[in-house]
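Worksheet for the structure shown next.
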Amino acid sequence: MLANYHTHTSRCGHARGKDREFVESAIEGGFKVLGFADHCPWVFEDGYVSHIRMTPAEVEGYFSSLTALKKEYAGDIKLYIGFEAEYIPQLVEAQDRLLADYPLDYMIMGQHFNDPETCGVYMGVPTADERILVKYVDRIIEGMESGRYRYLAHPDLLDFTGDAELYEEHYTRLCEYLRSKNIPVEINLLGMTGGRHYPSERFFRIAKKVGNKAIIGCDAHLPQSLCDHAAMEMGMRFAEKIGIELVETLTGLD
């Protein structure tokens, strides 16, 4: 792997390690490009404080730290500053205002919730409810139409256990949309090494049939994940097994 665009920091509350340690581990792992995409904060009107993403107050420190590391390690690795975020329509405007004055390079979509987490259900919980699947696909398409996101992280996060024909129908609809916009789907190494339900062969066989391209994302929550070559090899073998074309780097970030 030459590039990874899915890297978290300790600010999200469930990753460990200093920013510098992630950079140095990526260099050790042979990466030429490292993108930080920590869980983007939302601005909740009721003052709710999320425990799975950085707070709005931490945004300044995130950018100042990573901007300094960009300069310090410019001769060793190309760094980008991004976020992973859901698309939650009623919260987007406040998020845009929060980030307006910062040098944001990119965002990726990770649709962990269809609605604000204060009232939403985590998409990784198994469900046979077609309404949740439909809303998941619709939300992703609506979000991608906004032009905010460069690729779809763990596209198969929604663990749909219902009718196989419904799974095929709605995920085909999603894949066809993403192919039409040339948006890659992510083979997520954290899910793979953690024994989660994703990446799903069933989903990626649909993506292969439709003609999508894939990108491997470490989803690094620990610095050592960026030099875990065994995990990266697993991701490569998965792509080869499915026969899906891989995208190594994102274009147009500079």
Side-chain angles (χ1 to χ4, degrees), residues 1-7 33 35-40 42 78 80-93 95-96 99 104-115 123-124 130 132-160 166-189 191 198-219 235 238-239 242-254:
M1 289 179 63
L2 298 177
N4 174 60
Y5 300 94
H6 197 165
T7 311
V33 176
F36 282 87
D38 208 358
H39 293 285
C40 193
W42 292 112
K78 181 71 174 180
Y80 292 106
I81 308 173
F83 281 114
E84 177 189 15
E86 300 82 8
Y87 181 72
I88 310 292
Q90 60 266 49
L91 298 179
V92 163
E93 288 188 13
Q95 187 181 75
D96 283 346
L99 303 179
L104 180 66
D105 293 315
Y106 72 102
M107 295 180 79
I108 61 176
M109 182 189 287
Q111 193 71 5
H112 306 92
F113 298 89
N114 282 332
D115 299 294
M123 291 296 99
E130 184 187 7
I132 295 176
L133 174 58
V134 169
K135 190 171 184 178
Y136 177 75
V137 171
D138 288 348
R139 274 280 191 265
I140 292 171
I141 292 174
E142 183 182 358
M144 290 300 182
E145 277 291 290
S146 73
R148 298 166 65 85
Y149 312 98
R150 297 303 303 265
Y151 75 70
L152 180 58
H154 38 65
D156 41 357
L157 175 65
L158 178 61
D159 190 8
F160 186 71
L166 293 176
Y167 185 102
E168 184 90 13
E169 174 189 347
H170 293 297
Y171 270 126
T172 297
R173 179 165 65 92
L174 174 60
C175 287
E176 287 177 344
Y177 170 81
L178 295 172
R179 184 204 59 200
S180 74
K181 301 295 184 179
N182 199 29
I183 297 170
V185 290
E186 182 194 64
I187 297 172
N188 186 279
L189 297 188
Y198 61 88
S200 161
E201 285 193 20
R202 182 165 62 151
F203 170 84
F204 278 92
R205 292 197 185 282
I206 293 172
K208 160 63 177 175
K209 181 179 179 180
V210 168
N212 298 96
K213 296 179 181 179
I215 188 167
I216 296 176
C218 292
D219 198 354
F238 180 89
I242 301 297
I244 196 166
E245 182 179 347
L246 287 176
V247 174
E248 287 191 329
T249 58
L250 298 176
T251 60
L253 291 184
D254 292 315

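Because the structure is a prediction, the values reported are computed rather than measured.
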Minimum heavy-atom separation for [X] to [Y], with atom names?
| X | Y | answer |
| --- | --- | --- |
| I215 | P184 | CG2-CB, 4.0 Å |
| L189 | M1 | CD1-SD, 4.3 Å |
| I244 | A207 | CD1-CB, 3.9 Å |
| T7 | G35 | OG1-O, 3.0 Å |
| A3 | T249 | CB-CG2, 3.9 Å |
| P155 | F204 | CG-CZ, 4.3 Å |

Once side chain to side chain donor-acceptor pair (under 3.5 Å) is applied, do any residues pair with [X], and if so which ones, sequence neighbours excluded?
| X | value |
| --- | --- |
| D38 | H8, T9 |
| D254 | K78, Y80 |
| Q111 | none |
| Y136 | none |

Take a 6.0 Å sphere around [atom1] of [X] and say whether it holds more than 12 heavy atoms from other residues, nucleotides or ligands.
| X | atom1 | result |
| --- | --- | --- |
| K213 | NZ | no |
| E142 | CD | yes |
| Q90 | CD | yes |

Going by heavy atoms in the side chains, are I216 and H6 under 4.5 Å from each other?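 The answer is no, as the side chains (C-beta and beyond) never meet within the 4.5 Å cut-off.
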Do the non-hydrogen side-chain atoms of Y5 and F36 ever get within less than 4.5 Å of each other? no
Working to the nearest 0.5 Å, report the span between [atom1] of [X] and [atom2] of [Y].
| X | Y | atom1 | atom2 | result |
| --- | --- | --- | --- | --- |
| I132 | H170 | CD1 | NE2 | 12.5 Å |
| I242 | I187 | CD1 | CD1 | 8.0 Å |
| I140 | Y87 | CD1 | OH | 13.0 Å |
| L91 | F113 | CG | CZ | 12.0 Å |
| E186 | C218 | CD | SG | 9.0 Å |
| M123 | F160 | CE | CZ | 12.0 Å |

Is there a donor in the side chain of E86 and an acceptor in the side chain of H112, or the other way round, less than 3.5 Å apart? yes
Show me the pairs that pass salt bridge (Lys or Arg N to Asp or Glu O under 4.0 Å) and involve [range], at least two apart or across chains.
| range | answer |
| --- | --- |
| residues 144-157 | D96-R148, E145-K181 |
| residues 201-210 | E201-R205, E201-K241 |
| residues 167-180 | D138-R173 |

Run I88 and W42 through side-chain contact (heavy atoms from CB on, under 4.5 Å) and show every step you take. CA-CA 9 Å; I88 310 292; W42 292 112; 3.6 Å; yes
Results of salt bridge (Lys or Arg N to Asp or Glu O under 4.0 Å) for E84 - residues two or more places apart only: none
Identify, with sequence neighbours excluded, every residue that meets salt bridge (Lys or Arg N to Asp or Glu O under 4.0 Å) alongside D159.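 In terms of salt bridge (Lys or Arg N to Asp or Glu O under 4.0 Å), with neighbours along the sequence ignored, D159 is linked to no residue.
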For D115 and R139: C-alpha separation, side-chain torsions, deciding distance, then whether side-chain contact (heavy atoms from CB on, under 4.5 Å) applies. CA-CA 9 Å; D115 299 294; R139 274 280 191 265; 3.5 Å; yes
Sequence-distant partners of A85, side-chain contact (heavy atoms from CB on, under 4.5 Å), two or more places apart: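 Applying side-chain contact (heavy atoms from CB on, under 4.5 Å) to A85 gives C40, Q95, M107, Y149.
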Hey, is the main chain of I81 close enough, under 3.5 Å, to the side chain of D105 for a donor-acceptor pair?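 Such a contact is found between D105 side chain and I81 backbone.
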Residues that F203 engages under ring pair (Phe, Tyr, Trp, His ring centres under 6.0 Å), provided they are two or more places apart: Y171
Considering residues at least two apart in sequence or located in another chain, which fulfil the ring pair (Phe, Tyr, Trp, His ring centres under 6.0 Å) criterion with F83? Y62, F63
Matching residue for L152 among L178, L157, I108 - test: side chain to side chain contact (heavy atoms under 4.5 Å, CB included): L178
